[in-house]
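Structure record follows, encoded as structure tokens.
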Amino acid sequence: MSQHPLVEMINIEKHFGGIRAVDGVSLNVYPGEVVGVLGHNGAGKSCLMRILSGAMLPSGGEIRVNGAPVRFAEPNDARAHGIETIYQTLALANHLDAPSNLFLGRELKTRFGNLDDARMLREARTVLARLNPNFKNLRDPVSSLSGGQRQVIAIARAIYFDTKVLIMDEPTAALGPSETAMVADLIRKLQADGIGIFLVSHDMHDVFELCDRIVVMNKGRVVGAHPIGEVTKDDVLSLIVKGALPDDWTARNLEAAQ
Amino acid sequence: MSDASNTWQAGGERRVLIAREQLHRASALLTLLLLILGFSLASPAFFSVNNGLTILLQTSVIGLLGIGLTMVIITGGIDLSVGSVVALSGVVSAMAVKAGLPVVPAMCTGVLAGAACGAFNGFIITRLRIPPFVATLGMMLIARGVALQLTGATPISQLGAGFGRLGNGALFRVVEMQPNGFPRVIFPGIPYPAILLLIVAIAATYLLRRRQIGRHIYATGSNEEAARLSGVNVDWTKMYAYTMSGALAGLAGNVLMSRLVTAQPSEGVMYELDAIAAAVIGGASLSGGVGTISGTMIGAFIIGILRNGLNMSGVSAFIQQIVIGFVVIGAVWIDQVRNRR
């Protein structure tokens with residue numbers, strides 16, 4: 001693992017009126033690391049991720065990319081720094097086909113500024129085939145595709161461009177077992193490529209299988225940040241629900257060493 | 001195994017989906033042909049070159065408005081102000097002529113006035129977050145009020161022959177002078193408004209299909225939040241659509257007033273509804289993301305031919321309204337049925 005974090009969020013705040021949705025949270029990710037971001041609904045994790053992806057402006061705090069402070073006013077700013085997001089809702093335009101969705105907002109153009117649909121189709125075919133070899137019906141509106149295929153488009157859109165940090169919001173919530181396994185494989189592959197990943201998930205099995213480190217949020221604050229080897233599922237559940245570790249907690253890996 | 005069956009399933013659905021889209025277009029086209037056939041049988045004068053050209057002329061205004069509205073409707077919005085903007089921009093052009101400007105720059109002023117109205121709509125909708133229905137309803141009253149106020153509710157006439165050129169001129173007009181000194185029209189020519197409509201329709205189709213802004217217009221109407229998260233400047237896209245709608249209403253206003261060679265501040269009432277009907281009959285969905293210029297053109301001609309044919313058959317203007325009302329409801333109903341399946 002390298003010395004510098006890819007992205008650091010320092011003391012991030014987000015207020016809605018009097019409500020502190022995110023309250024002084026700091027978070028980072030190193031190259032090739034998968035950080036699980038956990039917490040029950042309304043704990044502030046989605047808010048935090050939206051801030052990092054440029055979809056929401058923070059009320060306070062600082063974001064640094066490779067040590068340099070940045071400001072994300074809109075999603076394109078975050079993308080320009082290699083921060084891509086796979087949203088839980090997938091964020092696909094249902095009436096458009098797969099290539100149009102893949103390149104939405106970043107369309108490939110010909111010399112005359114026209115849309116280069118032929119090239120977008122070719123590129124889409126290549127990248128989608130890598131994720132799912134059965135993906136053939138690229139010209140259909142995505143509303144007519146299966147859940148798995150839609151997920152594949154959302155993933156392809158996030159990894160096609162020069163991605164350094166990937167935010168995955170519940171990437172397996174809508175998927176069947178075989179597709180979930182595909183996403184898990186993909187995460188490992190991206191990890192091997194040195195991409196830093198924030199994995200927002202409720203699925204304990206996924207979290208323990210994939211993450212190197214977990215950060216648990218409760219009521220807008222970070223209540224626990226641990227290397228995955230240090231905690232058990234019960235510990236994590238306790239953090240999520242109670243906002244604290246069990247009273248008799250000791251680090252799992254240290255316990256085993258004793 | 002499950003992947004394979006998914007693919008197969010989606011493939012099957014796609015055939016249904018494409019068939020559905022083509023079905024709608026085909027049914028609209030079929031309606032158009034049936035109307036032509038029916039009216040031809042009802043009135044012998046209907047199916048003639050002269051009447052055909054009259055229909056082209058009459059439909060061009062609704063067609064121009066329909067193109068602008070199609071863009072707005074694809075973004076998921078609506079523009080109720082175009083009828084009033086027609087009047088305002090015609091009045092502005094006429095006043096510019098009266099102020100001594102040559103005809104072409106004067107008409108450009110009118111189109112710009114229309115674009116300004118559209119841009120104002122876009123501003124209200126994107127910045128003040130007022131729903132399009134309310135924002136453009138407001139503009140409908142504002143533009144009409146301004147047109148009436150500027151003219152004192154009296155028409156501006158004596159604008160000169162040059163002002164009537166756009167609305168009354170025709171290409172390839174063939175006139176023969178007879179020995180008795182009276183001219184005889186061999187071919188009345190293709191009216192300029194029809195040519196203008198064709199050019200605008202092709203340009204708009206190109207814009208929607210081949211340009212980034214067109215793709216963004218569809219994406220915005222399809223899923224606004226997704227478009228925003230994908231880095232589409234949704235506000236700018238909407239501004240663009242409303243400004244285009246306003247500018248095309250301005251163009252339509254100039255065509256209409258030029259045809260009358262008079263600027264009537266009370267012209268264009270309820271035109272927005274004909275234009276919306278044209279877009280909807282042509283398959284545009286009021287919930288956004290769907291619509292084509294070719295469909296809207298078919299829709300505009302269905303309305304134009306219905307009006308013209310009912311006139312030729314001696315049906316009163318009141319009955320015409322009733323018929324067109326039912327046609328619009330029927331078209332939207334077909335759209336609903338199509339989406340429900």
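These numbers were taken from a predicted model, which means no experiment stands behind them. Naming convention: chains lettered A, B, ... in sequence-line order (proteins, then strands); numbering from 1 in each chain.
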Sequence neighbours excluded and cut-off under 3.5 Å, please list the side-chain donor-acceptor pairs for residues 120-131 of chain A, or say none.
from: Glu123(A); atom 1: OE1; to: Tyr160(A); atom 2: OH; distance (Å): 2.7
from: Thr126(A); atom 1: OG1; to: Arg122(A); atom 2: O; distance (Å): 2.8

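- Contact annotation for Glu225(B): only side-chain heavy atoms (C-beta onward) come within less than 4.5 Å of a heavy atom of chain A.
- Within the 4.5 angstrom heavy-atom criterion, no atom of Glu74(A) approaches chain B.
- Counting heavy-atom pairs under 4.5 Å between each of Ser53(A), Ala91(A), Gly54(A), Ala78(A) and chain B puts Ala91(A) at the top.
- With chain A as the partner, the residue from Gly221(B), Ser230(B), Gly289(B) showing the most heavy-atom pairs under 4.5 Å is Ser230(B).
- Contacts between Leu104(A) and chain B at a heavy-atom distance below 4.5 Å involve backbone atoms as well as side-chain atoms.
- Heavy atoms of Arg209(B) lying under 4.5 Å from chain A belong exclusively to its backbone.
- Counting only N and O atoms by type, the side chains of Thr296(B) and Thr70(B) include a donor and acceptor under 3.5 Å apart.
- Looking at Ser81(B) and Asn121(B), their side chains do bring a donor and an acceptor atom within 3.5 Å of each other.
- Proximity to chain B (any heavy atom under 4.5 Å) is restricted, for Tyr87(A), to the side chain, taken from C-beta onward.
- For His81(A) and Phe72(A), the ring centers are positioned less than 6.0 Å apart.
- With chain B as the partner, the residue from Lys109(A), His95(A), Arg50(A) showing the most heavy-atom pairs under 4.5 Å is His95(A).
- Between Ser245(B) and Asp79(B), the side chains place a donor N or O and an acceptor N or O closer than 3.5 Å (distance only, hydrogens not considered).
- Judged purely by distance below 3.5 Å, without hydrogens or angles, the side chains of Arg150(A) and Ser143(A) never pair a donor atom with an acceptor atom.
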